[in-house]
Amino acid sequence: MQQVYPLLEQAQMIVLASPVYYHSFTGQLQCAINRIYALDKPKNLKKAALILSSGSDNVYGGAIYEYQNSFLDYLKLEDMGTFTAFGKQNKSPEKLEELRQFGLHLK
Ligand SMILES: Cc1cc2nc3c(=O)[nH]c(=O)nc-3n(C[C@H](O)[C@H](O)[C@H](O)COP(=O)(O)O)c2cc1C
């Protein structure tokens, strides 16, 4: 977190990316989110986006709830969208290209 805090101070956008573990973010990402609560809202931060991969489809409710409530609502951020991939999509070149296009629109 000591490396993340200065980056959060400068950042205008944060992109959360995680595999789905037990219906939500990984423990590592959840710990980092929890530590953000200890800060005042990072002053330059205005936007957020979410990237999730999973084994199965339609398992994103827990992560999206966290994202919407911990980030968008609590930190008052603009939602730049959510990208998901499951199962074999995680290794597919087409899905990778979709992800690149998703990344390009995050400005
Ligand atoms: C500890 C653990 C928990 C997981 N929990 C879920 C889950 O609740 N739902 C799901 O669809 N996939 C789950 N997965 C699968 C991962 O989300 C998936 O492996 C990851 O997105 C990476 O995809 P890949 O294995 O094809 O590289 C879990 C994987 C691990 C290791």
Side-chain angles (χ1 to χ4, degrees):
M1 285 310 288
Q2 300 312 318
Q3 292 171 342
V4 172
Y5 287 141
L7 298 173
L8 272 174
E9 274 303 300
Q10 295 165 20
Q12 296 177 318
M13 175 163 52
I14 185 166
V15 180
L16 302 180
S18 178
V20 171
Y21 276 13
Y22 202 70
H23 314 289
S24 193
F25 300 134
T26 59
Q28 290 90 338
L29 180 59
Q30 188 61 60
C31 285
I33 291 169
N34 294 353
R35 297 282 290 276
I36 292 174
Y37 281 120
L39 304 174
D40 287 335
K41 183 188 167 189
K43 60 180 181 306
N44 296 315
L45 198 56
K46 301 278 186 289
K47 300 175 179 181
L50 178 63
I51 299 173
L52 297 168
S53 76
S54 60
S56 311
D57 197 6
N58 296 318
V59 291
Y60 306 116
I64 288 173
Y65 180 88
E66 275 289 315
Y67 172 65
Q68 289 179 340
N69 290 280
S70 300
F71 266 79
L72 304 182
D73 288 357
Y74 184 75
L75 296 173
K76 305 277 180 277
L77 303 178
E78 180 184 349
D79 183 14
M80 299 303 287
T82 297
F83 184 93
T84 60
F86 70 95
K88 289 185 178 155
Q89 291 177 340
N90 284 312
K91 305 265 190 290
S92 108
E94 292 79 15
K95 201 70 183 175
L96 183 59
E97 182 51 33
E98 268 183 56
L99 180 57
R100 286 207 176 95
Q101 295 305 317
F102 179 79
L104 285 174
H105 97 273
L106 296 178
K107 289 185 181 162

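Positions are given from 1 along the sequence. In this text the structure is predicted, and so the values were computed from the model without any measurement.
- Tyr65 and Val20 fall into different hydrophobic clusters, where Ile, Leu, Val, Met, Phe, Trp and Tyr side chains are chained together by heavy-atom contacts under 4.5 Å.
- Pairs passing the salt bridge (charged side-chain N to carboxylate O under 4.0 Å, His left out) check and including a residue from residues 70-96, sequence neighbours excluded, read Lys95-Glu98.
- The shortest non-hydrogen separation linking Phe71 to Ala48 is CD2-CB, 4.5 Å.
- By the criterion of side-chain heavy atoms lying less than 4.5 angstrom apart, applied directly or through intervening Ile, Leu, Val, Met, Phe, Trp or Tyr residues, Ile64 is not grouped with Ile51; the two fall into different hydrophobic clusters.
- Considering CG of Leu7 and CE of Met1, their distance stands at 10.0 Å, rounded to 0.5 Å.
- In terms of hydrophobic clustering, with Ile, Leu, Val, Met, Phe, Trp and Tyr side chains grouped at heavy-atom distances under 4.5 Å, Ile14 and Leu106 are assigned to different clusters.
- In terms of heavy-atom proximity, Ser54 sits nearest to Asn90 at O-ND2, 3.1 Å.
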Give the intermediate values and the outcome of side-chain contact (heavy atoms from CB on, under 4.5 Å) for residues Tyr60 and Thr82. CA-CA 10 Å; Tyr60 306 116; Thr82 297; over 6 Å; no
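- Across all their heavy atoms, Glu66 and Ser24 have their closest contact at CG-OG, 4.2 Å.
- Panel note: side chain Thr26, backbone Ser18; no donor-acceptor pair is recorded below 3.5 Å.
- A pairwise comparison of heavy atoms in Leu16 and Tyr67 identifies CD1-CD1, 4.0 Å as the closest pair.
- Taking Lys43 as the reference, Glu9 meet the salt bridge (Lys or Arg N to Asp or Glu O under 4.0 Å) condition, with sequence neighbours excluded.
- Distance check, rounded to the nearest 0.5 Å: CG of Leu50 to CD of Gln68 gives 9.0 Å.
- Cluster membership check: Val4 shares its hydrophobic cluster with Phe25, using side-chain heavy-atom separations under 4.5 Å among Ile, Leu, Val, Met, Phe, Trp and Tyr.
- Criterion: ILVMFWY side-chain heavy atoms under 4.5 Å apart, direct or through other members. Under it, Leu99 and Met13 are part of a common hydrophobic cluster.
- Atom CD of Glu97 has more than 12 neighbouring heavy atoms from other residues, nucleotides or ligands inside a 6.0 Å radius.
- Shown here for Ala49 and Met80, the closest heavy-atom pair between the two residues is CB-CB, 4.1 Å.
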Donor-acceptor pairs are to be reported for all side-chain atoms of residues 35-42 against protein atoms at under 3.5 Å, with residues two or more places apart or in another chain.
from	atom 1	to	atom 2	distance (Å)
Arg35	NE	Tyr5	OH	3.4
Tyr37	OH	Ser70	OG	3.1
Lys41	NZ	Leu45	O	3.4
Lys41	NZ	Leu75	O	3.0

Any chance you could lay out the side-chain contact (heavy atoms from CB on, under 4.5 Å) test for Val15 and Phe83, step after step, and finish with the verdict? CA-CA 11 Å; Val15 180; Phe83 184 93; over 6 Å; no
Is there a side-chain contact (heavy atoms from CB on, under 4.5 Å) between Phe86 and Val59 once you walk through the steps? CA-CA 9 Å; Phe86 70 95; Val59 291; over 6 Å; no
